[in-house]
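Here the structure comes first, spelled out in structure tokens, and everything after it is commentary.
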Amino acid sequence: METDADRDAARIGDQVRQTSDRAARQFSRLGGVAGKAESGDGAIRVEVAPGGLLTDVRLTHAALRSGTDALAQQIMTLADTARRRAGDRMYRALSPVLGPDGDATLASLGYEPLPDTDVDDEGYSPVLGGR
């Protein structure tokens, strides 16, 4: 005989699987959630994972001419821009899956939408959800 607790556990398990499947489809459609930023002259390029983990830094010889302090500051500024972009992508991927109650959770994790006018260096625009 199935108890109420068994039914509730089965229902919750189904909901978790369905949400997980929807999230996987969203991530697949979005094409990843890394955030990228590049200096205006293209001398410095960074990529971060959601949450801000730096996953790639590319420098040209021109970037090295600005001096170590200026270079470090530019990398930090670009990494912050990329972090916000990754958070926007994560938010836009999960918000439709989690619904209105999930928005507060996403915000608490630092995943918030950016203004629709913020377009990254590869043409990703939040309003379009991609390129």
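Everything quoted here is computed from the prediction, not taken from an experiment. If you read the sequence from its start, that first residue is 1, and numbering goes on from there.
The cluster map of Ile, Leu, Val, Met, Phe, Trp and Tyr, joined by side-chain heavy atoms under 4.5 Å apart, puts M76 and V46 in different clusters.
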Q | V57 and L78: CA distance, side-chain angles, deciding distance, side chain to side chain contact (heavy atoms under 4.5 Å, CB included) verdict | A | CA-CA 10 Å; V57 176; L78 290 170; over 6 Å; no
Q | Verdict with reasoning, K36 to R45, per side chain to side chain contact (heavy atoms under 4.5 Å, CB included) | A | CA-CA 7 Å; K36 299 174 184 179; R45 179 184 171 101; 3.3 Å; yes
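Minimum interatomic distance between A43 and A63 (heavy atoms only, all atoms of both residues): O-CB, 3.5 Å. Q74 approaches S39 most closely through the heavy-atom pair NE2-CB, 3.8 Å. Residues A34 and A86 share a closest heavy-atom pair of C-CB, 4.0 Å.
Here the straight-line distance linking atom CG of L106 with atom CE of M90 works out to 8.5 Å at 0.5 Å rounding. To the nearest 0.5 Å, the span separating CG on L114 from CZ on R89 amounts to 10.5 Å. Summarising the geometry, atom CD1 belonging to I75 is positioned 8.0 Å from atom CG belonging to L54; distances are rounded to the nearest 0.5 Å. Going from atom CD1 of I44 over to atom CG of L71 covers 5.0 Å, rounded to the nearest 0.5 Å.
Within a 6.0 Å sphere centred on CG of D69, other residues, nucleotides and ligands contribute 12 heavy atoms or fewer.
Salt bridge status for D88 with R92: present, with a side-chain N to carboxylate O gap under 4.0 Å. Under a 4.0 Å N-O distance rule, the pair R83/D80 qualifies as a salt bridge.
Within the structure, side chain to side chain donor-acceptor pair (under 3.5 Å) contacts touching residues 95-115 (residues at least two apart or in different chains) are Y91-D103, S95-D103. Sorted by first and then second residue, the side chain to side chain donor-acceptor pair (under 3.5 Å) pairs with a member in residues 59-68 form an empty list; sequence neighbours excluded.
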